[in-house]
Amino acid sequence: MSAIQVEREGYLAVVTINRPEKLNALDHDTIGELQAQFEALSAEDGVGAIILTGAGEKAFVAGADIGGLVGQGVFRGKRNAQHGQSLTRAIERSPKPVIVAINGFALGGGLELSLACDLRFASDNAKLGLPEVSLGIIPGYGGTQRLPRLVGLGNALQLILTGDHIDAAEALRIGLVNGVFPQADLLDEVKKVAMRIVSRGPHAVALAKQAARRGTQMTLDEGLELEADLFGAISATEEMDEGLKAFLEKRKPAWLRK
Ligand code: COA
């Protein structure tokens, strides 16, 4: 049975990692299935935003499945890291906004998966960390690269080198999550944020994500050039015509989703 469930609610797709008996730990097949789901949802006009969460009340994802790492050796070790990196890349490169609802432990690969999402919201009981060094390994799904970019090198190294877990309040303080909600309300609150994004121009949202994400890999001059190009691209769309017209006519825009 698949460990990934996808539910639709209008323009929202809610992707749930469903291995609660293993705290939703990511084994090889689960990572592959997740990537396939993200790629499929990314190509659908009817999907306005994707929410990622974990089943149960204890964990979002308690990491890579540790059993699958035993005796991996140089080549399988590298392939295992690249398998997880490929999933996180698919999320970042998706034209859809991806929001993670961290409903409990987000450790190791679980935190790395969260780092690839566009927005992160945590439940008040969440615990976040990169405990890899306590297992004698290092983060392999992008944690050493994305965490410093998000929270600064000092905050990132504290988590990476100590392997400590932090609570949701501390994660909010260092900018690791965008907000914290009581666990019972987390998914509803995340859906409200997602619905606000979905109410905006879908192509504008996709291009704005692209501009911000690709811009982080560029010099300021290159990034500004990219922004101007994408501004040019959106300026040729019916979406822009509709958005500007709706404002001037004091009505809500009716977006074309294609
Ligand atoms: N890989 C494989 N199985 C995992 C797992 C992981 N990353 N995290 C939890 N599990 C399994 C446990 O082995 C246990 O399975 P079992 O019932 O068959 O023994 C089940 O999930 C429940 O976990 P348990 O450890 O009993 O829960 P707990 O409340 O005592 O502790 C954690 C919760 C998250 C603190 C603890 O499970 C943990 O430290 N997990 C590993 C976290 C980690 O190092 N992740 C990075 C991996 S690279």
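These numbers come from the heavy atoms of this one structure, side chains and all, not from hydrogens, waters or symmetry mates. Just so you know, ligand 1 is whichever comes first in the structure, and atom 1 is the first atom listed for that ligand.
In the hydrophobic clustering of this structure, Leu41 groups with Ile4; members are Ile, Leu, Val, Met, Phe, Trp, Tyr whose side-chain heavy atoms approach within less than 4.5 Å, directly or through other members.
Salt bridge annotation for Glu189-Lys192: present, with a cationic side-chain nitrogen under 4.0 angstrom from a carboxylate oxygen. Taking the charged nitrogens against the carboxylate oxygens, Lys58 and Glu21 have no contact shorter than 4.0 Å, which rules out a salt bridge. Ion pairing of Arg213 with Asp118 is present here, as a side-chain N (NZ or NE/NH1/NH2) and a carboxylate O approach within less than 4.0 Å. Using a 4.0 Å cut-off between charged side-chain N and carboxylate O, Arg19 and Asp65 make a salt bridge. Between Glu112 and Arg146 there is no salt bridge, since no side-chain nitrogen of the basic residue lies less than 4.0 Å from a carboxylate oxygen of the acidic one. Looking at Lys209 and Glu92, no side-chain N of the basic residue comes within less than 4.0 Å of a carboxylate O on the acidic one, giving no salt bridge.
Contact annotation for atom 17 (O) of ligand 1: protein absent (non-hydrogen atoms, distance under 4.0 Å). Distance screen at 4.0 Å: atom 31 (O) of ligand 1 has no protein heavy-atom neighbour inside the cut-off. Under the 4.0 Å distance rule, the nearest protein heavy atom to atom 26 (O) of ligand 1 falls outside the cut-off. The protein reaches atom 1 (N) of ligand 1 closely, with a heavy atom under 4.0 angstrom from it. Proximity of atom 38 (C) of ligand 1 to the protein is not indicated, since no non-hydrogen protein atom lies closer than 4.0 angstrom. Within the 4.0 angstrom cut-off, atom 6 (C) of ligand 1 has one or more protein heavy-atom neighbours. Proximity of atom 12 (C) of ligand 1 to the protein is not indicated, since no non-hydrogen protein atom lies closer than 4.0 angstrom.
When only non-hydrogen protein atoms are considered, atom 29 (O) of ligand 1 lies nearest to Lys58 NZ, 2.6 Å. Counting only heavy atoms of the protein, atom 10 (N) of ligand 1 lies nearest to Lys22 O, 3.9 Å. Closest protein heavy atom to atom 24 (P) of ligand 1: Leu23 CD1, 4.5 Å. The closest protein non-hydrogen atom to atom 45 (N) of ligand 1 is Ala62 O, 3.0 Å.
Among His28, Gln85, Gln72, the one residue that satisfies the side chain to side chain donor-acceptor pair (under 3.5 Å) test with Asn80 is Gln72.
At under 3.5 Å, not a single nitrogen or oxygen of Ala25, backbone or side chain, sits near a nitrogen or oxygen of ligand 1.
Contacts between Glu21 and ligand 1, counted as non-hydrogen atom pairs separated by less than 4.0 Å, involve the backbone only. When heavy-atom distances to ligand 1 are checked against a 4.0 Å cut-off, Pro131 comes that close only through its side chain, counted from C-beta outward.
For ligand 1, the atoms lying closer than 4.0 Å to a non-hydrogen atom of Leu107 are 34 (C), 42 (C). Within ligand 1, counting atoms from 1 as listed, the ones closer than 4.0 Å to a heavy atom of Leu135 are 44 (O), 47 (C), 48 (S).
Residue contacts with ligand 1: Lys127 is excluded, as none of its non-hydrogen atoms falls under 4.0 Å. In this structure, Gly67 has no heavy atom closer than 4.0 Å to ligand 1.
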Q.
Test side-chain hydrogen bond (donor to acceptor under 3.5 Å, both in side chains) on Arg93 and Ser42; report intermediate values, then the result.
A. CA-CA 9 Å; Arg93 289 183 171 145; Ser42 296; over 6 Å; no
**Q.** side-chain hydrogen bond (donor to acceptor under 3.5 Å, both in side chains) assessment of Asn103 paired with Thr53
**A.** CA-CA 7 Å; Asn103 56 308; Thr53 194; 3.3 Å; yes
Q: Would you sort out whether Arg251 and Glu242 count as a salt bridge (charged side-chain N to carboxylate O under 4.0 Å, His left out), showing the intermediate values?
A: CA-CA 10 Å; Arg251 60 171 174 81; Glu242 170 60 11; 2.7 Å; yes
